Amino acid sequence: MAGSSGLGVEVFVDALDDAPWCPHGPTLLFERFYQEREARRFFACSAHRKRSGCSFFQWADEKESSAKRAMRMEIYQASRTAEVPHSTLYSGVKAALEKPTKMASVCANCACTVPQKKDPAHKGHTVVESLPPADLLRPTKFLPALDDSKSNAQYLFAGKAVSCILGQLHGQGIRHVVCIGAPRIHEAITSARFSKQAPLSSMSSFLLDWDRRFASFFSPRELQHFNMFNHHFFSGDTGLASLTKFLGKVSMSEVAVVMDPPFGGLARPLVACLEWLYALALEHCKDAAESTKEAPPTLNKSASSKRQLATIWVFPYFLESQVVETMPSMKMMDYKVDYDNHPIFTSSGKKKAEKRKSPVRLFTNINAGLLVFPAEEGYRLCKPCQKYVSAENQHCGKCHACTTKHGPTYVHCEACKACVKPGRVHCVTCKQCLPAQHDCTGGVADSEEGSAATAMPACHRCGKTGHKRRHCPDADTQSRPSAKRVKKSKR
Ligand code: SAH
Ligand code: ZN
Ligand code: ZN
Ligand code: ZN
Ligand code: ZN
């Protein structure tokens, strides 16, 4: 969101119960740091990181008048009232699924079914014909992926990533999945169930996504229009009731969450969304009363004693600290997640030379020792670590771990007492391993995509430019451990 103002650094502060609402539900509280002035707090959209996506802005110290609040609520309500009801959108596919032998046609522009004969309403549109009904349940195969704005960016899993994720979950006895921004996982389960294709046919899924086009393909019983950054249902109580009903039919140990948020997304609101979902499951799952408050042995010992659901959170390796600091039960796995439509990180890109290894990983609270990643893609069991690691990841006897994060084998540095990226040299001035060409002022240009250095030139602690957080002169006097920085979307 609003990270683009050239004035200073903006950090996420909190989600407040009485926060004002923008058209995307309750806003979040942020704080903006200036070079010469006092920091100032403001409310802004939870989901849009650019003001061009959502223009809402409210200084926290300028109280929103009741008239303004009422007007904003009206704007929110008006955009909901203007929406075609979910049941109406779904009626075409519903009818098609009832005639499983008949082929159907869909318009990719309008995201709806169209009668077989040429329909003038869709003149000039991309109409996909002769789809067997089961394919109607895979809308991401024919709808153009949203990539117009960074907040909406849809990067779709390659088939082998879907198989790997679902294979792991199925292997852990998971039979029901809540997909948050993971339509390909939802589709795989839903279409396998429809065409009775083992082993996924025994699974069920619920999709929470903010792409409303999916409402034409999935019923309100399995899809709700949702904002993961404030866990807001755009259909209000009906949306919540629908998810509650789904949870009511399943037992806690058989349900998992798969979440693939936009990479610019803030970790803390996402963790808040997961915790909200865990609490909902604990209240409504059919065995919730008997199920202990402690997580089952298949999951990592959570930092909190709160009961978590098995969770897979798909996020880039360079945001590991954001995930792990906010949710210590999540561990990063070596498995590299490939995408079908990512401009660079695709598994079958035509320009082989440009093809790079995916920076996207699975973060999970499932015990790493229980996950088996495909040997044919180079993953192997590291005996000392008792987990599957990538081919390049060499075990370091001194660190007692397989240390690479992004692929290339790391090199152990005796001075740092840690493994470091290959090509780095130990600098006695900086007391760390850095690229040989660095200038010892802390302004190291790190070439890693999405690294703090390239995404945010100012210090994340004080907002001033010229040094990074670890060299901040204010470090001892003023610390802001809970405030997560706003990063620009790098996806
Ligand atoms: N790799 C996934 C898709 C990830 S793209 C797959 O193949 O299934 C991110 C997804 O999150 C998209 O489907 C997008 O519509 C959805 N999304 C983006 N912002 C969201 C938000 N604020 N709340 C809920 N869903 C969101
Ligand atoms: Zn908004
Ligand atoms: Zn059309
Ligand atoms: Zn080492
Ligand atoms: Zn140096």
Side-chain angles (χ1 to χ4, degrees), residues 1-2 19-28 43-58 72 75-76 79 105-115 118-128 138-141 143 145-159 161-162 165-166 177 179-189 205 207-214 216 223-234 258-266 269-270 273 312-315 337-342 345 358 360 362 489 491:
M1 62 124 280
W21 282 33
C22 76
H24 310 100
T27 56
L28 300 177
F43 293 99
C45 182
S46 62
H48 285 283
R49 292 170 300 280
K50 288 243 167 80
R51 227 147 271 155
S52 53
C54 178
S55 60
F56 183 98
F57 186 88
Q58 171 76 52
R72 281 172 174 164
I75 295 175
Y76 174 86
S79 44
S105 301
V106 289
C107 174
N109 301 68
C110 306
C112 67
T113 51
V114 295
K118 294 267 176 282
D119 185 334
H122 302 280
K123 201 159 174 269
H125 292 180
T126 306
V127 174
V128 187
R138 294 183 175 273
T140 66
K141 297 276 186 199
L143 294 180
L146 296 178
D147 57 4
D148 46 329
S149 94
K150 290 217 152 136
S151 356
N152 271 324
Q154 276 176 333
Y155 293 110
L156 301 165
F157 292 136
V162 174
I165 290 171
L166 285 174
V177 185
C179 301
I180 307 177
R184 282 247 156 129
I185 302 291
H186 178 73
E187 291 177 357
I189 296 173
S205 169
L207 176 61
L208 296 167
D209 198 288
W210 100 337
D211 182 351
R212 202 149 188 280
R213 296 176 305 169
F214 295 135
S216 299
L223 160 77
Q224 285 295 327
H225 189 201
F226 181 80
N227 181 353
M228 64 171 98
F229 294 108
N230 52 9
H231 45 94
H232 176 73
F233 287 94
F234 290 96
V258 177
M259 174 170 85
D260 188 3
F263 290 173
L266 296 161
L270 292 171
C273 178
I312 292 180
W313 173 348
V314 186
F315 227 36
V337 180
D338 275 331
Y339 289 83
D340 265 354
N341 63 333
H342 195 287
F345 310 112
S358 169
V360 185
L362 304 180
S489 171
R491 218 170 182 179

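For ligands, and for the atoms within them, numbers begin at 1 and follow the listed sequence. Source: prediction; values computed, not measured.
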>> Once you restrict to heavy atoms under 4.0 Å, what part of Phe226 touches ligand 1? Side chain, backbone, both or neither.
In response: backbone
> In Å and rounded to the nearest 0.5 Å, what is the CG to OG1 distance from Asp119 to Thr113?
Replying inline: 10.0 Å
> Is a donor on one side and an acceptor on the other found under 3.5 Å between the side chain of Ser216 and the backbone of Ala111?
Replying inline: yes
> Would you say the side-chain atoms of Ser358 pair up with the backbone N or O of Val337, donor to acceptor, closer than 3.5 Å?
Replying inline: yes
> Ala182 heavy atoms, cut-off 4.0 Å: which ligand 1 atoms fall inside?
Replying inline: 8 (O)
>> Would the distance check show the side chain of Asp260 and the main-chain N or O of Gly181 forming a donor-acceptor pair, the cut-off being under 3.5 Å?
In response: no
> Relative to the heavy atoms of Arg184, which atoms of ligand 1 are at a distance of less than 4.0 Å?
Replying inline: 6 (C), 7 (O), 8 (O)
>> Could you work out, for atom 15 (O) of ligand 1, the closest of Asp260, Asp209, Asp340 by heavy-atom distance?
In response: Asp209
> Is ligand 1 under 4.0 Å from a heavy atom in the side chain of Pro183, in the backbone, in both, or in neither?
Replying inline: both
>> Would Pro262 count as being in polar contact with ligand 1, using the rule that some N or O on each side must be under 3.5 angstrom apart?
In response: no
> Checking Asn230 side chain against Pro26 main chain: does a donor-acceptor pair fall under 3.5 Å?
Replying inline: yes
> CE/Met228 to CD1/Ile180 distance, rounded to the nearest 0.5 angstrom?
Replying inline: 7.0 Å
> Which ligand 1 atoms does Phe229 reach within 4.0 Å, using its non-hydrogen atoms?
Replying inline: 22 (N)
> Taking the minimum heavy-atom distance to atom 10 (C) of ligand 1, which of Gly181, Ala145, Ala47 ranks first?
Replying inline: Gly181
> Can you tell which of Ile189, Ile165, Ile312 makes a side chain to side chain contact (heavy atoms under 4.5 Å, CB included) with Val177?
Replying inline: Ile189
> Which protein atoms of type N, O or S are found under 2.8 Å from the Zn ion (ligand 3)?
Replying inline: Cys107 SG, Cys110 SG, His122 ND1, His125 ND1
>> If you consider just the N/O/S atoms, which atom of His24 is the closest one to the Zn ion (ligand 2)?
In response: ND1
>> Suppose I only count heavy atoms of Asn227 and a 4.0 Å limit; which atoms of ligand 1 are within that range?
In response: 21 (C), 22 (N), 23 (N)
>> Would you say the ring centers of Phe234 and Phe226 fall short of 6.0 Å from each other?
In response: no
>> Within 2.8 Å of the Zn ion (ligand 2), is there any N, O or S atom belonging to Cys22?
In response: yes
> Do we see a donor-acceptor contact under 3.5 Å between the side chains of Thr140 and Glu187?
Replying inline: yes
> Under 3.5 Å, side chain of Ser46 to main-chain N/O of Leu28, donor-acceptor pair present?
Replying inline: no
> Parallel under 30°, tilted from 30 to 60°, perpendicular over 60°: which one fits the rings of Phe263 and Phe315?
Replying inline: perpendicular
> Which is closest to atom 6 (C) of ligand 1 by heavy-atom distance: Tyr339, Phe234, Phe157, Trp210?
Replying inline: Phe157
> Between Arg184 and Asp340, is there a side-chain N and carboxylate O pair less than 4.0 Å apart?
Replying inline: yes
